[in-house]
Amino acid sequence: MKIIAFFVSICAAGFVFAQDTKALPALVSAEHPTLKVRGKGLLRMFGFRIYNGVLWTKEGSEALTEPHALDLEYLRNFEGEVLATRSIDEMKSQGIGSEAQYEVWVKEMRRVFPNVKPNDRITGVHVPGKLAKFFHNGKPTGEVNDPAFAQAFFDIWLSPKTTQPAMRKELLASP
């Protein structure tokens, strides 16, 4: 799995969505009933299908200043440790955060990211200026009450500095 994670870090992705959009977890849609699909796609690396991604935002909201959700349906096995480490690598590549923050943030991600297998979903909810909440297959795994972390985590996909500009374009597209 670490080899795949390595390739993810050094490649540009083709991003085409091949699955029907699944509903947000019930707990997320109950708390944020106005979220609608904004964009979606399939992340591929070297021909390997990695995950389907869907960005949910408030309808009519172009800016990401209101709560939004990113739902990733994994198509391969990944350890939670690898997900946390890769997330930190992506933040570093964008120049987000400091070494002291990375030490705290990786511990938080290890706490909230489970190991995943094909068809598992991790849904992250970003409440800008407040926190990030995480769900695994619809069940809460925890939240990180750090606005800087929440922004940095979602910037992995949504910042103009992302290492995956094709994915960003697809996620930010209007359906």
Side-chain angles (χ1 to χ4, degrees), residues 1 4-5 8 11 13-84 86-87 90 108-128 130-144 149-151 153-159 162-175:
M1 287 303 115
I4 291 173
V8 169
C11 302
F15 195 64
V16 179
F17 198 81
Q19 302 277 335
D20 289 330
T21 302
K22 294 185 171 78
L24 273 174
L27 291 172
V28 176
S29 57
E31 191 170 333
H32 303 284
T34 61
L35 295 182
K36 305 288 182 209
V37 173
R38 177 161 175 183
K40 53 189 174 178
L42 169 67
L43 180 67
R44 289 181 185 260
M45 297 287 174
F46 292 118
F48 291 105
R49 296 169 54 223
I50 308 299
Y51 55 73
N52 293 316
V54 181
L55 178 64
W56 299 74
T57 62
K58 183 177 177 183
E59 192 167 13
S61 176
E62 290 299 314
L64 296 172
T65 57
E66 297 186 51
H68 49 278
L70 181 62
D71 189 49
L72 301 178
E73 178 185 21
Y74 287 85
L75 304 171
R76 310 188 81 68
N77 293 318
F78 288 99
E79 296 174 8
E81 170 69 26
V82 171
L83 299 176
R86 282 293 309 126
S87 295
E90 289 294 322
E108 290 289 341
M109 287 186 284
R110 287 176 182 144
R111 179 178 61 82
V112 299
F113 293 167
N115 296 339
V116 294
K117 60 187 183 311
N119 300 315
D120 277 0
R121 292 169 62 194
I122 293 181
T123 306
V125 177
H126 182 198
V127 181
K130 293 186 180 179
L131 56 83
K133 294 182 181 184
F134 296 95
F135 300 80
H136 177 239
N137 296 330
K139 295 179 180 150
T141 59
E143 57 186 58
V144 180
F149 165 80
Q151 186 65 53
F153 180 78
F154 283 83
D155 277 353
I156 291 170
W157 295 271
L158 303 174
S159 167
T162 183
T163 62
Q164 303 299 330
M167 173 185 264
R168 178 181 185 269
K169 182 179 177 182
E170 293 294 326
L171 290 174
L172 293 175
S174 295

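For reference, positions follow the sequence shown, starting with 1. This is a predicted model, so every value here is computed, not measured.
Of the inter-residue distances, the one linking L75 atom CG with Y51 atom OH reads 10.5 Å to the nearest 0.5 angstrom. Interatomic distance, L55 CG to H126 NE2, rounded to the nearest 0.5 Å: 11.5 Å. With rounding to the nearest 0.5 Å, the separation of CH2 in W157 from CG in L171 is 9.5 Å. Interatomic distance, L72 CG to N52 CG, rounded to the nearest 0.5 Å: 9.0 Å. The CD atom of E73 sits 13.0 Å away from atom CG of L43, with the distance rounded to the nearest 0.5 Å. In this structure, T123 OG1 and H136 NE2 are separated by 9.5 Å, a value rounded to the nearest 0.5 Å.
Taking the side chain as every heavy atom from C-beta outward, Y74 and L83 approach each other to under 4.5 Å. Residues P67 and E31 form no side-chain contact, since every pair of their non-hydrogen atoms from C-beta on lies 4.5 Å or further apart. Between S29 and L35, the closest side-chain pair of non-hydrogen atoms is not below 4.5 Å. Considering only heavy atoms from C-beta on, I122 stays 4.5 Å or farther from F135 through its side chain. The shortest distance between side-chain heavy atoms of L172 and L64 falls below 4.5 Å.
Remark: D71 engages R121 in a salt bridge, criterion side-chain N to carboxylate O under 4.0 Å. In this structure, R110 pairs ionically with E81, as a charged nitrogen and a carboxylate oxygen lie closer than 4.0 Å.
Not a single donor-acceptor pair under 3.5 Å links the side chain of S159 to the backbone N or O of I156. A donor-acceptor pair under 3.5 Å is absent between the side-chain atoms of T162 and the main chain of L158, judged by distance alone. Of the possible polar contacts, one joining the R111 side chain to the E143 backbone as a donor-acceptor pair under 3.5 Å is found.
When all heavy atoms of K36 and P33 are compared, the closest pair comes out as NZ-O, 4.3 Å. Between G124 and F134, the closest heavy-atom pair is CA-CD2, 3.9 Å. The two residues A69 and L24 come nearest to each other via the heavy atoms CB-CD2, 4.1 Å.
Test N115, N137, N77 against D120 for side-chain hydrogen bond (donor to acceptor under 3.5 Å, both in side chains) and you get one pass: N137. None of E66, H32, H68 except one satisfies the side-chain contact (heavy atoms from CB on, under 4.5 Å) rule with K58; the exception is E66.
Here the two rings, on F153 and F113, have centers that are under 6.0 Å apart.
Under 3.5 Å, the side chains of T163 and E90 contain a donor-acceptor pair of N or O atoms.
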